[in-house]
Each structure stands twice: as C-alpha cells, then as structure tokens.
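What follows is a short report on a single structure.
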Protein chains: 2
Amino acid sequence: MRKSRTFEDVIAQIEQRIADDGLTVGDRLPGERQLAEQLQVGRSSVREALRVLETLGVITSQAGRGPDAGAVLISRPESALADLLRLHLGTASLALPEVIDTRLMIEQWAVQHVDAPEAMEVMRSALDSMEAAASFEEFVDHDVTFHMGVALLSGNRLLAATMRALRQTIHAYSVSAVRTAGRTDVLMADHWRIYELVGARDGQGAARAVADHLAHAYPSLTGEGPARSGDPA
Amino acid sequence: MRKSRTFEDVIAQIEQRIADDGLTVGDRLPGERQLAEQLQVGRSSVREALRVLETLGVITSQAGRGPDAGAVLISRPESALADLLRLHLGTASLALPEVIDTRLMIEQWAVQHVDAPEAMEVMRSALDSMEAAASFEEFVDHDVTFHMGVALLSGNRLLAATMRALRQTIHAYSVSAVRTAGRTDVLMADHWRIYELVGARDGQGAARAVADHLAHAYPSLTGEGPARSGDPA
DNA sequence: ACCATAGTATGGTCTGACCATATGAGGAAG
DNA sequence: CTTCCTCATATGGTCAGACCATACTATGGT
C-alpha cells in the first residue's frame, strides 16, 4: 500500500466537488491560493493537482482576471490521448502499426454503427475541400476532417476523441505518405466510395472500403501485424 | 499563439532526451534537483513536468536511494486512460453507454483479428478461476482477466491498455450488475461460448457471442446507447 | 462619452527550507 | 568473520514567501 500524496488528495477533493456541485464544462474552479487555503495545503500541491487535471484535458488555466481567468472546466480528452500516444511511441512501448490498426477498427465500427448521420455533412464538405486543396498539407488537413466525420458517425464521443488523437499522432506520417505517393486521385476515389456506401447505409461495404483505403494510405504497414510483446500485468 | 510555459519546455527536453538516448522502460532519469540545474529552471517546473509524465503513465517516482529511486521510465498507459475516463464521466462530457460500446468494439475486433493466440491461456485460466469464485467481487475480478485475455488476442498493446482502463472504470458497475442478477451461470455460458469459438477460429461467431454476452451483462444499457443499425456481423 | 492610467487578482516561476523515506556505509556485538 | 544496528545521505514531497507577467477593472481626466 502506498501512502497517498498531498496533491492526490487535492485531485480527489476537486473531483468530489465537481461531482457534488454538478460542475460541467464552462464552470470555474476557485483560484489556486484560495483552493490551497480551503484545503489546508500548500499552493504547490494545488498546482500539481491542477497540472494533472489539465494534462487529462479536464481543465484549462488562464492568467489575468475576469470570468475566463483561473481554472475552467473543459472537455478535451483528445489532447491527453495524443500526448499519451506520442510519449509511449517515444519509449517504444507502443508501435505505429498498433495505432493504425486501432484507427481501422474505429472507422470500421463507425460506418457499421451509424447513430449520427448528420456527420455526413462534415464528410461531404471535407471532400469538397480536399478536391480544392492546393498542397499536400492542406489535403491531409481536410482528410483528417473527413475521417473525424467518419468517427462522428458513431455518435460516440470517446471514439471521436480517440480518432482525433490518432490523426494528430500520425500527422507527419500521413503527410509524408501522401507526398511520397505524389497523387491523390486514388485516395479521393476511396473517400467518395466510403461516403457513398455510408449514405446507402451499406455498413459492411463501407467497412471494406475503409480497409481498402487504409491499405492504400499506409502501404508499408499493410499486413505488417501489430508488434507483439508480452503485456506486463 | 500561446507562450509556452517553462514546464512544457522541460517536458519537451525530457522527451528529446528519451529519444536521443533511446531510453526505454526501466531506465532512470536524473534527479529533480540535477535536472533543474541542467535545464536552468526551478525545481518546481521540473516537478510539474514530471507530474505530467507520471500522469501519462510514462514514469514513476520513488523516494529514497538506490537504483529504484528517482524517476524511472515505465509503460502504464492504462492508468492514464482510466483517469481520463473517470474524470470525463464525472463532468458529463462522456457517458457510460459510450464506454460500453467501445468495449464491445474492442472485443469484437480482437476475436476477429487474432494475432496472439497464446492469450487463450489467460482466458482459460480465468474461466477456471471464475468457476471457483466464492464471491461476486472475485467473480468479476477473474471476469476482468478473461476479457483482458480477449483484448490480448489482438496482440495490440493499445487495445489491451484501453480494455484494462475500461474495466477499471466500470468496475463498480460490473459488480453491482452481477450482484443484481444474482446468478452467474448465463454469464459463464457466454464466456465458454466465446472461448470455444475463438479456439475454433470462428471470428464472426465469436463476435456475435461477445455482443450477446455484453447484452446479458448490461441489460439496462442495451439498445439505450448509440448502438443501432442492423449488424449481422 | 471616451480614453489613458493605475490598481489588482490571477497564474507562472524561483528560492530555500524542512520533512519523509529508503538505501548504503560503517561500526558494534556476537 | 558474520550479523545486526545506527547514522549519514540522496531522493522525492511539501510548504512558505517572494516576485514576475498577464489581463481585466475601476478610476479619473479630457
């Protein structure tokens, strides 16, 4: 059993306060000094707790004065997920194929469990922007939007956040992949096919189209199976 | 554009050092005071940076002296994911059905993309333990192990970590669900069916079995969430 | 009514001190 | 020589106080 540290208590108490007061996105927390006095701890402990919450995408901090200053509750899980992926890729405790596989899983699931068809509008306008893109970077940016739209089809915010984090993580890789290919017509055809099949409510067909698309987008990783390794229990 | 804070620079530099030196799990970082002097920043900034890295499951800190003291690189993405889910559920920016759906997605994917069949041994021994469980808590504990085994079938560490975090998040819910049901025979039959179908390499059948199982385990959420749309697969 | 300025509350950082913990060295006892 | 105890020491954890940068807010002059 590990003795709990002060800042962990602070996190727990802030969490409790959020639950008790029913705080949601947009609400404000007391200032650091005030919080420290209320909880009878040092300001540094409060700061470390807030830092953790900020890392997890639950709050954001803004200096100065006024309604937007201080710690404000937000909902930005994707930034935490993106940091998570980046760091664990850095320490080799996660490999790119595993990330790509996860992306495939989410998109296939989303097109087969459409619960928010209005996301198709996002996909549609992204497609138009991609057609008009003047650079590979711009093309990839709208490509990200398109695939965010795909994830949004599920109506599941956790999947959407994960998708955003995934794309953020592999962004550089995506750009270089498109640049290497040098052409976008194949990818565009894939996108249109996915869009049409989703519109036709052909989930299985769309899932196949998604798989084909990712195979085109990441030729070097196809069939490469995720890196194996024992899981430290 | 936002001015970068000191501790963010520290994170970046530590990250850079990890990349340059090829540090992996088990390696140690310099002490807080030493790091502060090297980077010419205050110790508090170093501490906030380390706190972020700890939150993301990349390092762990241990006081005292010796080889295990100080900041050691680890790989524990599941704790970060679990914190993430818990907090965002708390602020109502995420709902339980979304989490359950994600779990279904991962398990269905895993049984259809088996890349590490040795995980079946984990499933098997978990089943034996479940049969012998003396309490609902114990039953659920081994149930978690079984479903971790399912996730491990994919050979994808990201999915395994996510599954562990999901189960941790819904643990209390799982226990109360089993307790309310008062019987475990239906659930055990589901588990055996999944195990058999995976063993027979019947991915689609196993996927159906997983869906049936979750419907049994979370009756109150079935049909409630984003899950809609006919999915014969 | 408008604008410039000072005031002030907030987060961000640094310094130095002290506490808690766990190892490792060195001496005392057997 | 071995064993055990004690103490020095290195490390993270916490606190207090100070100062800076920022951005709103009130004040007062025009």
Side-chain angles (χ1 to χ4, degrees), chain A residues 1-14 17-18 23 25-74 76 79 83, chain B residues 1-14 17-18 23 25-74 76 79 83:
Chain A
M1 138 112 203
R2 175 173 190 168
K3 185 195 171 194
S4 84
R5 294 172 285 185
T6 303
F7 79 90
E8 291 172 331
D9 286 343
V10 174
I11 293 175
Q13 297 208 43
I14 291 177
R17 175 174 304 205
I18 290 174
L23 302 182
V25 174
D27 292 327
R28 261 187 72 188
L29 256 43
E32 296 180 355
R33 292 169 180 83
Q34 191 177 341
L35 219 38
E37 193 185 6
Q38 286 179 14
L39 304 179
Q40 286 293 297
V41 299
R43 193 181 154 207
S44 53
S45 293
V46 171
R47 279 187 62 78
E48 294 194 13
L50 294 178
R51 194 64 60 224
V52 170
L53 296 178
E54 185 182 316
T55 300
L56 293 172
V58 173
I59 66 170
T60 185
S61 290
Q62 194 66 42
R65 237 175 95 161
D68 275 7
V72 180
L73 287 188
I74 59 174
R76 211 165 306 231
S79 59
D83 290 341
Chain B
M1 138 120 203
R2 176 173 187 169
K3 184 194 168 193
S4 84
R5 294 172 285 187
T6 303
F7 79 90
E8 292 172 331
D9 286 343
V10 174
I11 294 175
Q13 298 207 44
I14 292 177
R17 176 176 303 206
I18 291 174
L23 302 182
V25 173
D27 293 327
R28 261 187 75 189
L29 256 42
E32 294 180 358
R33 293 169 179 84
Q34 190 178 342
L35 219 38
E37 193 186 3
Q38 287 178 13
L39 304 180
Q40 286 294 294
V41 298
R43 192 181 157 207
S44 51
S45 295
V46 170
R47 279 186 62 77
E48 293 194 14
L50 293 177
R51 195 63 63 226
V52 170
L53 296 179
E54 185 181 316
T55 300
L56 293 172
V58 173
I59 65 169
T60 185
S61 290
Q62 194 67 43
R65 236 175 95 160
D68 276 5
V72 180
L73 287 188
I74 60 174
R76 212 167 304 242
S79 58
D83 290 342

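Only heavy atoms go into these numbers, but all of them, side chains included; no hydrogens, no water, no symmetry mates. Lettering follows sequence order; numbering is per chain, from 1.
The nearest whole Å value for the distance from the CD atom in Glu32(B) to the P atom in dC14(C) is 14 Å. What separates CG of Leu50(A) from C1' of dT13(C) is a distance of 15 Å, to the nearest Å. To the nearest angstrom, P of dT11(D) lies 12 Å from CG of Leu35(B). Atom P of nucleotide dG12(C) and atom CZ of Phe7(B) are separated by 7 Å, given to the nearest angstrom. Here dT9(D) presents its P atom at 18 Å from CD of Gln34(B), a figure rounded to the nearest Å. dG11(C) atom P lies 13 Å from atom CG of Asp68(A), rounded to whole Å. Atom C1' of nucleotide dC14(C) and atom CD of Glu48(B) are separated by 12 Å, given to the nearest angstrom. Taking atom CG on Leu39(B) and atom P on dT13(C), their separation rounds to 13 Å, with Å as the unit.
The number of heavy-atom neighbours closer than 6.0 Å to CZ of Arg51(A), taken from other residues, nucleotides and ligands shown, is above 12.
The shortest distance between the side-chain N/O atoms of Ser61(B) and the OP1/OP2 oxygens of dG12(D) is not below 4.0 Å.
Of all heavy-atom pairs spanning Val10(B) and Ala49(B), the tightest one is CG1-CB, 3.5 Å. Pairing each heavy atom of Ser4(A) with each of Asp9(A), the nearest pair is OG-OD1, 3.2 Å.
For the residue pair Thr55(B) / Asp83(B), no side-chain donor-acceptor distance below 3.5 Å is found, with atom types taken as modelled. Neither side chain, Arg33(A) nor Gln38(A), offers a donor N or O lying under 3.5 Å from an acceptor on the other.
Checking each of Leu50(B), Ile14(B), Val72(B) against Ile59(B) for a side chain to side chain contact (heavy atoms under 4.5 Å, CB included) leaves exactly one that passes, namely Leu50(B).
Across all strands, Ser45(A) comes closer than 4.0 Å only to sugar-phosphate atoms, never to a base (heavy-atom distances).
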Readout for nucleotides 18-28 of chain D: B = base within 4.0 Å of protein heavy atom, S = sugar-phosphate only, - = neither; 5' to 3' it is BB--BSSS---

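Both Arg28(B) and Arg47(B) lie close to DNA chain D; mapped to their nearest nucleotides by heavy-atom distance, the more 5′-ward contact belongs to Arg28(B).
Look at Glu54(B) and Arg5(A) and you find a salt bridge, because one of the NZ, NE, NH1 or NH2 atoms lies within 4.0 Å of a carboxylate O, short of that distance.
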